Amino acid sequence: MAKMNFGGVIEEVMTREEFPLEKAREVLKNETIAVLGYGVQGPGQACNLRDNGFNVIVGQREGKTYEKAVADGWVPGETLFSLEEAAERGTIVCLLLSDAAQMQLWPTIKPHLTPGKTLYFSHGFAITWNDRTGVVPPNDIDVIMVAPKGSGTSLRTMFLEGRGLNSSYAIYQDASGKALEKVLAFGIGIGSGYLFETTFQREATSDLTGERGSLMGAIQGLLLAQYEVLRENGHTPSEAFNETVEELTQSLMPLFAAKGMDWMYANCSTTAQRGALDWFPRFHDAIKPVVEELYASVKAGHEAQISIDSNSKPGYREGLEKELAALRESEMWRTAAVVRQLRPENN
């Protein structure tokens, strides 16, 4: 493990230099990795593992997603099976189904988790709140997790570009005494940039907080609020969107992704710098109580229960699509579609 100084806090991380791909292949050379679910994380992890030389099969129910797996080169009867058959064949069973599907299909998958196997997750939800989800693994298997810090699409895209998406890892149950080397090998195998240790509980609470906060919920709320204020004060949709979203995503985000917020500030005008330095404390003070309330709700299990209850309702998918359609059809995001179309690369 490499000791890294994160802003004065020393943390141990695992890099690809310390745990090379050749070592990962050696650790998992006798394993059959069964990736159950080919929706969000499944394609990226399965394809990266396959391209890195691991023995991988996919389990997926028939339908549109099954056809996507076929299009990606998984062969029915050879490397593509039903969920049950893949779980039976696999020695490392990767539960990459949605949280709702994990709960629904757990009684079907659990009988195939025989002694000596490994159960793998990429999210701590089902285990952290297993008093609510019912996902309680047998005692005689390893239970591990590698959680890429991004979407499965990003994991695959960055892999193909020769880069890596950072991931956390955790061990919930070490029946074999070899869970650590397995989880690190798996993290390297899927193409992680570097790996940092967590627990299932910490991953689940930070993940739910992030999704509801700065990664998705809060950013939509902030963008919408600024867009609305500009529109209400006579600015056109194009001007309001460009000043709120387009400049952020196309110009500024690449700067602070590359070298940090201070570097992004340094590459903006002195007027922008002064305004940002004056106003960020006010936004911080206004927003932090909301984030504290959010974290408390996540930690207490309230957000998990809301998700479980919502996913269990009849017609949930239809209702969700209506909510997403309303977002998609709002003026701000209809404006976004036009702005994207007008980008030089699209003309």
Side-chain angles (χ1 to χ4, degrees), residues 1-2 4 6 11-25 27-28 33 35-56 58 60 65 68-69 71-74 92 94-98 120-124 144-170 182-198 203 206-207 210-211 213-216 219 245-246 248-261 263-264 340 343 345-346:
M1 293 281 187
M4 305 296 292
F6 291 91
E11 186 177 338
E12 290 188 338
V13 301
M14 181 61 75
T15 68
R16 288 184 278 190
E17 287 72 30
E18 298 168 292
F19 204 111
L21 182 58
E22 293 75 18
K23 181 177 179 180
R25 290 194 189 110
V27 169
L28 301 180
I33 300 169
V35 174
L36 307 188
Y38 207 74
V40 179
Q41 279 290 337
Q45 295 199 32
C47 290
N48 289 2
L49 286 163
R50 179 181 63 186
D51 291 355
N52 269 335
F54 296 87
N55 180 25
V56 188
V58 170
Q60 176 59 43
T65 306
K68 181 184 185 311
D72 285 347
W74 303 98
I92 299 180
C94 306
L95 212 53
L96 298 186
L97 300 155
S98 69
Y120 168 94
F121 293 88
S122 280
H123 185 23
I144 62 175
M145 174 179 67
V146 176
K149 298 300 104 181
S151 70
T153 300
S154 299
L155 182 72
R156 181 61 175 165
T157 300
M158 293 175 73
F159 176 85
L160 293 173
E161 293 172 350
R163 300 187 293 148
L165 190 65
N166 299 330
S167 303
S168 61
Y169 72 90
K182 284 183 192 176
V183 75
L184 293 174
F186 208 103
I188 297 301
I190 65 172
S192 300
Y194 74 86
L195 293 153
F196 60 95
E197 188 175 8
T198 187
E203 191 282 333
S206 61
D207 190 77
E211 290 167 347
S214 65
L215 302 179
M216 295 175 67
I219 194 69
V245 181
E246 190 74 353
L248 171 69
T249 59
Q250 302 304 301
S251 175
L252 300 183
M253 276 188 172
L255 293 178
F256 75 77
K259 295 188 179 179
M261 187 68 76
W263 193 73
M264 185 265 278
R340 287 193 296 270
R343 288 176 188 165
E345 65 266 25
N346 295 326

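This is a predicted model, so every value here is computed, not measured.
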- Message: Test of understanding: with salt bridge (Lys or Arg N to Asp or Glu O under 4.0 Å), list the residues that count as partners of Glu161, not counting sequence neighbours.
- Response: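 Testing Glu161 for salt bridge (Lys or Arg N to Asp or Glu O under 4.0 Å), a comparison that skips the adjacent residues, returns Arg163.
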- Could you check whether the rings of Phe6 and Tyr194 sit parallel, tilted or perpendicular, using 30° and 60° as the cut-offs? tilted
- Task: Output every pair passing salt bridge (charged side-chain N to carboxylate O under 4.0 Å, His left out) with a member in residues 40-51, not counting sequence neighbours, ordered by first then second residue.
- Result: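 Sorted pair list: Asp51-Arg156.
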- Message: Determine whether a donor-acceptor pair (N or O, by modelled atom type, separation under 3.5 Å) exists between the side chain of Glu18 and the backbone of Ala2.
- Response: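 Here the side-chain-to-backbone pair exists.
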- Reported CE-to-CG distance for the pair Met145 and Leu95, which is rounded to 0.5 angstrom: 13.0 Å
- Which value, rounded to the nearest 0.5 Å, describes the distance between Arg16 atom CZ and Lys23 atom NZ?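 If we round to the nearest 0.5 Å, Arg16:CZ and Lys23:NZ are 16.0 Å apart.
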- Item | Pairs satisfying side-chain hydrogen bond (donor to acceptor under 3.5 Å, both in side chains), at least one member in residues 182-192, at least two apart | Thr118-Lys182, Asp142-Lys182, Ser167-Ser192
- Do Tyr169 and Phe196 have ring centres separated by under 6.0 Å?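 Distance test on ring centres: not under 6.0 Å, no.
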- Message: Any heavy-atom pair between the side chains of Pro254 and Met264 that's under 4.5 Å?
- Response: no
- Item | Leu195 vs Ser168 side-chain heavy atoms within contact, under 4.5 Å |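 The answer is no; the side chains never approach within 4.5 Å.
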- Are more than 12 heavy atoms from other residues, nucleotides or ligands located less than 6.0 Å from atom CE of Met216? no
- Message: Quiz question: by atom type and distance under 3.5 Å, do the side chains of Ser154 and Ser151 form a donor-acceptor pair?
- Response: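 Short answer, yes.
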